[in-house]
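Accompanying notes for the structure given below.
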Amino acid sequence: MGALRWHRRQYHELPPMPPEYDHQAIEAKWQRRWEETGLNRPELGAAPRPYFNLMMFPYPSAEGLHVGNMYAFTGADTHGRFQRMQGLDVFEPIGFDAFGIHSENFALQVNRHPTELVAANIRNFRRQLHRLGAQFDWSRTVETTDPDYYRWTQWLFVTLWKGGLAYRARRNVKWCPRDLTVLADEQVMADGTCERCGAAVVERELEQWFLRTSNYTERLLGNLDHLDWSESTKLLQRHWIGRSEGALLDFPIDGAAPLRVFTTRADTVFGATFMVVAPDHSRTLELASGDRRAEVAKFVAEAARRRIAGIRESEGSTSGIALGRNARHPLTGDELPIYAAEYVLSGYGEGAIMAVPAHDSRDHAFALAHGLKVVPVVSGDSGPGPHMGRGTLINSRDFDGLAAPDPARELIVAAISERGLGHPKVTYRLRDWGISRQRYWGPPIPAIHCPVDGAVPVPEDQLPVLLPYIEDFRPLGTGESPLSRDPGFLHTTCPVCGGPALRETDVSDTFLDSSWYHLRYPSTDCQDAAFDPTLTRKWLPVATYIGGNEHAVLHLLYSRFVAMALHDLGYLEFEEPFTRFRAHGMIIKDGAKMSKSRGNVVVPDEYLDRFGADAFRLYLMAMGPFSEGGDFRDTGINGPYRFLVQVFRLAERVGEVAEPAELAVVRHRCIQKVSEDSPQLKYNTAIAELMKYAKRLRDHGGTIPKVSLETLALLLSPYCPHAAEELWERLGGTYSVHQQPWPQADPELLREDEVVVVVSVDGKKRDQVTVPRGTASEELERLALSSARVANFLHGRQVGRVVVVPDKQVNLVLGR
RNA sequence: GCCAGCAUGGCGGAAUGGCAGACGCGGCGGUCUCAAAAACCGUUGAGCGCAAGCUCGUGUGGGUUCGACUCCCACUGCUGGCACCA
């Protein structure tokens with residue numbers, strides 16, 4: 001509200017545009033000119049130095065483009081423009097990620113059909129994006145909802161399927177009771193709520209399509225070491241993949257198959273006093289002894305009910321039940337009672353554990369609650385409770401005295417493995433990617449279910465399987481997609497036997513759409529393949545990808561998986577799609593994330609109207625380090641705006657005069673700083689330098705040499721493309737400023753002949769002397785000691801030591 | 001609970017072993033104006049002082065160093081990620 005009021009006031013009270021800088025006319029003029037001359041449409045087939053500058057395509061919401069999008073795109077575009085002036089042929093495409101639950105939910109809410117709604121949203125997004133003045137190649141856009149695009153998303157699925165990387169399985173999956181669909185693990189937030197709508201997620205057993213991301217865990221993890229990506233992003237992926245080294249151990253059971261467990265602490269095996277299986281472990285009921293079976297079944301059913309209802313047991317739950325059956329310790333032969341308990345999860349490791357209450361807090365809590373033995377096997381005092389740290393093995397027979405966990409861990413696994421009861425094993429958190437969605441707004445999964453031949457892929461020449469227009473697209477909630485309502489869609493014939501068959505009615509996850517869009521951009525004109533091999537070889541992998549870390553484990557991981565899979569299947573020569581990735585920060589407002597509920601969303605249109613795209617871009621980039629984001633303030637944009645007006649005022653003072661030496665020096669320093677900071681995305685400090693330079697020119701009396709402003713136009717062009725172009729034209733430069741070579745700083749002019757050396761006493765600055773660069777240490781020391789000001793601070797004491805840092809500082813250390 | 005990142009004027013931030021606060025916002029004072037806005041000029045970390053200047057100051061406490069916003073240890077707070085993961 002405050003922002004709005006402020007804005008209204010500005011609108012009405014401000015005088016018309018300053019005559020020097022009519023941003024509306026300038027921006028319209030150049031956007032038209034760029035479009036007419038095809039400035040931003042590289043010859044994809046012929047470009048000698050291809051540079052694919054990618055940014056994350058937006059989801060076209062009904063609210064329109066928000067500042068966060070603008071921020072990301074401006075930063076990425078600035079990078080692309082800078083690279084272009086380094087002589088590279090920059091391809092900078094944009095598109096729209098328009099399928100998905102988000103669009104569909106909104107359509108349901110406002111009671112309109114997503115087909116028309118999304119088309120309108122995309123139109124609005126295109127309009128807003130044009131205003132930004134980015135060097136987008138508008139002749140090669142991608143819309144995931146376009147059959148020409150999702151035909152190839154379906155092709156991708158069929159290709160993965162034929163390559164053995166897609167399968168169908170009945171499995172417990174995350175189900176959102178509000179969106180009435182399955183979610184990928186990655187779409188469930190840490191608190192167990194749906195990423196899209198915030199409802200508590202429950203579990204449900206459904207027949208689903210999965211992609212075998214788990215085949216690639218080792219490579220997805222290992223390749224990270226060599227990727228030039230933001231460390232923060234790589235760390236998030238490493239955690240998500242969750243590699244854990246341990247061992248599989250078999251605990252024999254009399255009269256039954258042994259119970260297999262996963263452990264990372266085999267060194268504590270002598271401290272195992274009981275076993276625990278997950279309630280929904282496949283053998284829980286089998287292992288329950290006859291007289292316990294009914295009770296165990298009841299417990300298992302209750303646990304299942306709790307899980308299905310989405311009740312998350314508080315951590316440290318000790319609910320569990322004895323199965324009335326024992327396993328044998330693989331090394332001691334001791335009898336260990338087996339329990340079923342909710343704190344053991346079926347989805348991780350083997351869904352069963354050896355419990356070592358002396359050295360694991362969860363086992364400890366369970367042992368206390370159920371009166372079970374606690375046997376310490378690792379020495380070391382950590383007070384009451386389990387000791388989880390390092391120590392020395394005790395109560396471990398032949399292994400006593402070994403350091404734990406290492407090397408005891410390895411030696412004990414070896415001993416167990418000699419008896420054929422275990423072996424080392426690496427476990428991962430990452431599981432297969434469930435892609436089925438029981439919703440309407442997505443590409444139909446191209447599969448046909450035939451009573452004779454089972455599930456068969458739709459033949460490639462029959463793609464796309466068009467998403468039918470159905471009036472009532474509300475989700476059913478039965479585990480089936482609304483597409484099952486459409487008999488014309490549902491009934492088909494089997495491509496194998498020609499008999500009657502049913503189509504798959506689920507649609508695929510939006511992240512499948514975005515997992516390969518970068519492959520499509522150079523090939524948008526390609527009608528007979530998802531991507532043209534020649535263009536792909538030329539333009540991919542992506543040179544630089546800039547985007548938010550919110551997609552670190554979703555989009556970015558899936559895209560890597562898809563590239564690897566296509567590589568293995570012979571479709572791509574590379575296996576990592578993004579050579580360089582940089583995560584940008586987030587824009588906040590009033591110290592908080594922008595959100596509709598907080599009412600602190602910034603609508604860019606008003607700022608673009610009033611201050612223009614260039615000032616807006618400049619403000620966003622000046623706000624702080626691009627990697628950190630920044631805090632949006634309504635008044636902040638005044639500075640960059642004034643700066644641009646100032647620059648145009650300077651242009652009116654340009655004349656044919658020689659450049660004085662002092663201006664040459666500041667000009668080359670500015671070139672140096674901006675050239676250094678820009679490629680590192682340190683835009684804020686580059687802009688500060690540009691402002692400093694403009695101020696210096698302003699303070700220069702008289703006529704300003706043309707070259708001073710020409711350089712400014714060049715350095716400014718990645719940041720303020722329209723203003724720089726206009727300035728360049730007024731200075732008589734040839735079109736376009738964006739095709740000019742980047743200026744080079746002359747090292748001769750950067751060299752400073754005189755330096756200021758600080759004289760300090762005990763580390764406190766007391767005086768300074770200006771001396772020629774490279775003045776000898778002895779001379780500096782002499783100058784420092786003879787300083788009259790320094791004498792006042794000696795307080796009669798002797799100078800003990802003198803530390804001289806040439807060209808910087810002399811520190812006089814007083815003796816005592 | 002675990003793993004990252006961050007903490008500097010009224011505000012956004014700069015400086016990553018050598019002059020803390022670049023650049024910008026905002027504030028204050030002035031010029032112009034009948035007046036206001038815009039623009040321009042000056043000023044703006046805190047305290048003391050008529051002044052020259054001095055003292056203090058980068059979340060907290062310790063340490064290393066001639067010298068620490070910067071490096072190390074411990075803590076506090078915020079942001080993000082993960083979380084009965086065996």
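Just so it is clear: chains get the letters A, B, ... in the order the sequence lines come, proteins before strands, and each one is counted from 1.
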Quiz prompt | B:G26 to B:C75 separation - C1' atoms, rounded to the nearest Å | solution = 35 Å

Practice problem: Round to the nearest Å and state the distance from A:Phe643 atom CZ to B:C25 atom C1'. | Solution: 16 Å

Quiz prompt | B:A15 and B:A68, which share atom name C1', separated by this distance in whole Å | solution = 13 Å

Self-check item: Of the listed nucleotides B:A86, B:C19, B:G24, the one nearest the side chain of A:Met691
Solution: B:G24

Quiz item: Do other residues, nucleotides or ligands put more than 12 heavy atoms under 6.0 Å from the CZ atom of A:Arg773?
Solution: yes

Quiz item: Got a sec: does the CD of A:Glu410 have more than 12 other heavy atoms crowding it under 6.0 Å?
Solution: no

Quiz item: Counting only Watson-Crick or G-U wobble pairs whose two distances fall under 3.5 Å, which nucleotide matches B:C40?
Solution: B:G30

Quiz item: What integer distance in Å separates A:Lys765:NZ from B:C56:C1'?
Solution: 17 Å

Quiz item: Of the nucleotides B:A39, B:A86, B:C82, which has the atom closest to the A:Arg642 side chain?
Solution: B:A39

Quiz item: Where the side chain of A:Pro640 is concerned, which of B:C19, B:G26, B:G24 is the nearest nucleotide?
Solution: B:G24

Practice problem: Between B:A20 and B:C73, how far apart are the C1' atoms? Round to whole Å, please. | Solution: 25 Å

Exercise. Describe, in one word, how the ring planes of A:His329 and A:Phe251 are oriented to each other, choosing from parallel (under 30°), tilted (30 to 60°) and perpendicular (over 60°).
Key: perpendicular

Quiz item: In the structure shown, which nucleotide is the Watson-Crick or G-U wobble counterpart of B:A74, with both distances under 3.5 Å?
Solution: B:U60

Quiz item: Is a side-chain donor-acceptor pair under 3.5 Å present for A:Tyr641 with A:Asp614?
Solution: no

Practice problem: State whether A:Asn638 places a side-chain N or O below 4.0 Å from either non-bridging phosphate oxygen (OP1 or OP2) of B:G24. | Solution: no

Self-check item: Length of the CD-P vector between A:Glu550 and B:A4, whole Å
Solution: 22 Å

Quiz item: So does A:Lys764 get a side-chain nitrogen or oxygen closer than 4.0 Å to the phosphate oxygens (OP1/OP2) of B:C19?
Solution: no

Quiz item: Which is true for A:Arg238 with a 4.0 Å heavy-atom rule: it touches a base, it touches only sugar-phosphate, or it touches nothing?
Solution: nothing

Practice problem: Identify whether the distance between the nearest side-chain nitrogen and carboxylate oxygen of A:Asp699 and A:Arg696 falls below 4.0 Å. | Solution: no

Quiz prompt | Nucleotide forming a Watson-Crick or wobble pair with B:U65, both distances under 3.5 Å | solution = none

Quiz item: If you find the nucleotide of RNA chain B closest to A:Leu235 and the one closest to A:Ser346, which residue's nucleotide is nearer the 5' end?
Solution: A:Leu235

Quiz prompt | Nearest-angstrom distance from the residue atom CE of A:Met586 to C1' of B:G5 | solution = 13 Å

Quiz prompt | Shortest side-chain distance from A:Tyr348, nucleotide among B:C3, B:C40, B:A86 | solution = B:A86

Quiz item: Are A:Tyr619 and A:Phe611 near enough that their ring centres are under 6.0 Å apart?
Solution: no

Quiz item: Any side-chain donor paired with an acceptor under 3.5 Å for A:Asp363 and A:Tyr343?
Solution: yes

Practice problem: State whether A:Arg649 and A:Glu652 are salt-bridged, where the test is any N-O pair (Lys NZ or Arg NE/NH1/NH2 against Asp/Glu carboxylate O) under 4.0 Å. | Solution: no

Quiz item: Where does B:G9 land, syn or anti, once you apply the within-90°-of-0 test for syn?
Solution: syn

Quiz item: Given the P atoms of B:U31 and B:U16, what is the spacing between them in whole Å?
Solution: 42 Å

Quiz prompt | A:His239 NE2 to B:G80 C1', straight-line distance once rounded to whole Å | solution = 11 Å

Quiz item: Between A:Lys764 and A:Asp762, does at least one N-O distance fall below 4.0 Å, as a salt bridge requires?
Solution: no

Exercise. Looking only at side-chain atoms of A:Lys692, point me to the closest of B:A83, B:G81, B:C23.
Key: B:C23

Quiz item: A:Leu236 near the nucleic acid: base, sugar-phosphate alone, or nothing, with a heavy-atom cut-off under 4.0 Å?
Solution: sugar-phosphate

Quiz prompt | Atom-pair distance (CD1 on A:Ile687; P on B:C25), nearest Å | solution = 13 Å

Quiz item: Where does the angle between the aromatic ring planes of A:Tyr71 and A:Phe626 fall among parallel (under 30°), tilted (30 to 60°) and perpendicular (over 60°)?
Solution: tilted

Exercise. Identify, between A:Gly639 and A:Gly349, the residue whose nearest nucleotide on RNA chain B lies closer to the 5' end.
Key: A:Gly639

Quiz item: Regarding A:Ser319 and A:Glu342, is there a side-chain donor-to-acceptor distance under 3.5 Å anywhere?
Solution: yes

Quiz item: Which parts of nucleotides 9-18 of chain B does protein reach within less than 4.0 Å, heavy atoms only, written one letter per nucleotide 5' to 3' as B for base, S for sugar-phosphate only and - for none?
Solution: --SSSS---B

Quiz prompt | B:G5 and B:C54, which share atom name P, separated by this distance in whole Å | solution = 40 Å

Exercise. Scan A:Ile353 against the nucleic acid and name what it touches under 4.0 Å (heavy atoms): base, sugar-phosphate only, or nothing.
Key: base

Quiz item: Between the side chains of A:Gln680 and A:Glu676, does any donor sit under 3.5 Å from an acceptor?
Solution: no

Quiz item: Considering only the C1' atoms, how many Å lie between B:G61 and B:U55, rounded to the nearest integer?
Solution: 23 Å

Quiz item: What is the pairing partner of B:A51, taking Watson-Crick or G-U wobble pairs with both distances under 3.5 Å in any strand?
Solution: none

Practice problem: Starting from C1' on B:G81, measure out to CG on A:Leu554 and report it in whole angstrom. | Solution: 12 Å

Quiz prompt | Distance, P atom - from B:A22 to B:U43, rounded to whole angstrom | solution = 13 Å

Self-check item: A:Arg362 side chain, from C-beta outward: closest of B:C3, B:A86, B:C85
Solution: B:C85

Quiz item: What nucleotide, of B:C3, B:C84, B:C66, holds the atom closest to the side chain of A:Val813?
Solution: B:C66

Quiz item: Of all the choices, B:G26, B:C23, B:C82, which nucleotide is nearest to the side chain of A:Lys695 once you look at every atom?
Solution: B:C23

Quiz prompt | Residue A:Arg649, side-chain heavy atoms: nucleotide from B:A86, B:C84, B:A39 that is nearest | solution = B:A39

Quiz item: Taking the same atom, C1', in B:C28 and in B:G45, what whole-Å distance lies between them?
Solution: 15 Å

Practice problem: Mind checking A:Gln237 for me? I need base, sugar-phosphate or nothing, with any heavy atom below 4.0 Å counting as a touch. | Solution: nothing

Exercise. Classify the angle between the aromatic ring planes of A:Phe581 and A:Trp229 as parallel (below 30°), tilted (30 to 60°) or perpendicular (above 60°).
Key: tilted

Quiz prompt | Atom pair distance, as rounded to whole Å: CD in A:Gln646 and C1' in B:G24 | solution = 14 Å

Are any protein N/O atoms closer than 3.5 Å to N/O atoms in nucleotides 41-44 of chain B? If there are, list each pair with its distance.
{"unit_1": "B:C41", "atom_1": "OP1", "unit_2": "A:Arg698", "atom_2": "NH2", "d": "3.3"}

Quiz item: If you look at every strand shown and take non-hydrogen atoms under 4.0 Å, does A:Val356 touch a base, only sugar-phosphate, or nothing?
Solution: nothing

